[in-house]
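Presented below is the structure to which this report refers.
Since the structure is predicted, the reported quantities are computational estimates derived from the model, not experimental observations.
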Amino acid sequence: MTSRLLAILWPGLLLVSCDKSATSDSRKGEDSSAPPVRRSGHAPRENPPTPRHELRKKLRAAASDPSPEAREEIIADVAWSALEIDPELAREAFLQLSADHPQKILLIQHFSMRLTEQNPDEALAWADTLANERDIAAAKGQIALVLAETDPQRAANLISESGIVGREFDVAVVQVLQRWAAKSAPDAAAWAISFSPSPARTAGISVSVSQWAKADAKSAITWMDSLEDKGIRNEALLAMEEAILQQPSEVKDAWLQHAPAGFLAELEDQREQAMKNVGNNVSSSAFLNKNSNLHHHHADDEGN
């Protein structure tokens, strides 16, 4: 009975076995990394929407929002989200914001920074296409800060011509000077004193003198002692005294060992204001006394 049953089923089993073997062999020959073959009768799978696609769709939808506040909030959100993945979409979005929207200037600055890192000339050309002087000034100020890392002279000229005013100008000047002074303190100081009396000039002189003293105190003192404009001279002396108060005693002694007696006396005149400005950053009371004695000691030596 069993043998008869096997005789009946054997041809079918052979066919199944051969089919499986062929299938297995054909699969072994296939590239496992190849995409799956589309089966007839099934609709192709659609690719999921990309973040860019979703952001552009969101930007288009914002145009029909009846609330101006909600519309601008959506546009600003699209702009920030697109900065990393699609800068052009970000630009398209933030330029739709109203002129006084609080996020617009920040977005212009971020976009300007990224564009400058790629092509400064293209960034400057783009800045000139903006709709108003406020936007142009914001873009050029940011471009200058990026340029200051590699070309501080060009950055300084750009800041001077940018049209930035008020606190934004003061901040930009100091940031450029910080970078410039690290490369060439004498050139930075020369630019700082070119300004009319202003917080920008005072802060710029302070940054330049502090960096210069750390690099070459003797030449910094020689430069300061040559200044004839009383206002500029006093600002430079105050900056020097502030820097001195924050140094270890051995550094301060080295800075002042070749200073003329008259210069030391002028530094003493700035001591009270410098201490107020430096505040808790003064090194120690012991040093203050020592430094005062050092000043007088040099003055006595010069007098003899």
Side-chain angles (χ1 to χ4, degrees), residues 137 141 144-145 148 152-153 155-247 251-252 255-282 288 291-292 294-296 298-299 302-303:
L145 294 184
Q153 175 71 64
N157 292 336
L158 183 57
I159 285 288
S160 299
E161 301 165 359
S162 66
I164 303 174
V165 296
R167 184 179 180 278
E168 287 78 11
F169 177 78
D170 297 342
V171 170
V173 165
V174 172
Q175 289 178 326
V176 168
L177 279 168
Q178 284 174 331
R179 292 160 174 79
W180 198 358
K183 296 177 180 293
S184 177
D187 291 331
W191 184 56
I193 66 173
S194 70
F195 295 110
S196 57
S198 62
R201 188 180 81 176
T202 302
I205 289 174
S206 178
V207 167
S208 303
V209 166
S210 175
Q211 293 273 29
W212 196 349
K214 292 173 185 176
D216 186 353
K218 183 178 179 181
S219 65
I221 290 172
T222 299
W223 173 78
M224 283 183 279
D225 201 35
S226 71
L227 295 171
E228 297 180 358
D229 183 287
K230 186 176 180 180
I232 293 174
R233 186 182 183 94
N234 284 338
E235 288 179 20
L237 287 163
L238 178 60
M240 184 66 172
E241 185 67 12
E242 289 172 0
I244 287 171
L245 290 175
Q246 299 176 75
Q247 300 303 317
V251 173
K252 301 159 186 175
W255 283 9
L256 297 173
Q257 62 181 330
H258 300 299
F263 182 84
L264 292 171
E266 289 182 276
L267 279 179
E268 288 284 358
D269 292 339
Q270 300 295 334
R271 172 65 59 80
E272 183 177 354
Q273 184 60 51
M275 288 179 63
K276 290 179 181 177
N277 294 348
V278 172
N280 293 333
N281 291 325
V282 174
L288 290 177
N291 189 53
S292 180
L294 176 65
H295 284 204
H296 288 301
H298 278 284
E302 293 290 335

For the atom pair [atom1] ([X]) and [atom2] ([Y]), what is the distance rounded to the nearest 0.5 Å?
X	Y	atom1	atom2	result
Leu145	Gln178	CG	CD	10.0 Å
Leu237	Ile232	CG	CD1	12.0 Å
Glu272	Met275	CD	CE	8.5 Å
Arg233	Phe263	CZ	CZ	7.5 Å
Ile221	Asp216	CD1	CG	9.5 Å
Ile205	Glu235	CD1	CD	4.5 Å

With no hydrogens and no angle check, just 3.5 Å: does a side-chain donor-acceptor pair link Glu161 and Asn157? no
Check whether any side-chain heavy atom of [X] sits under 4.5 Å from a side-chain heavy atom of [Y], and report yes or no.
X	Y	answer
Leu238	Glu242	yes
Lys214	Val251	no
Gln211	Trp180	no
Leu158	Val176	no
Asp229	Ile193	no

Determine the minimum heavy-atom distance between [X] and [Y], stating which atoms define it.
X	Y	value
Gly204	Val174	N-CG2, 4.4 Å
Lys183	Pro152	CD-CG, 3.9 Å
Ile159	Ala172	CD1-CB, 3.4 Å
Phe195	Ala192	CD1-O, 3.3 Å
Pro199	Asp170	CB-OD2, 3.6 Å

Donor-acceptor contact present, side-chain [X] to main-chain [Y], <3.5 Å:
X	Y	result
Arg179	Gln175	yes
Ser206	Thr202	no
Ser226	Trp223	yes

Assess whether side-chain contact (heavy atoms from CB on, under 4.5 Å) is satisfied between Val278 and Glu241, documenting all intermediate values. CA-CA 10 Å; Val278 172; Glu241 185 67 12; over 6 Å; no
Residue pair Ser208, Trp191: steps toward the side-chain contact (heavy atoms from CB on, under 4.5 Å) verdict: CA-CA 9 Å; Ser208 303; Trp191 184 56; over 6 Å; no
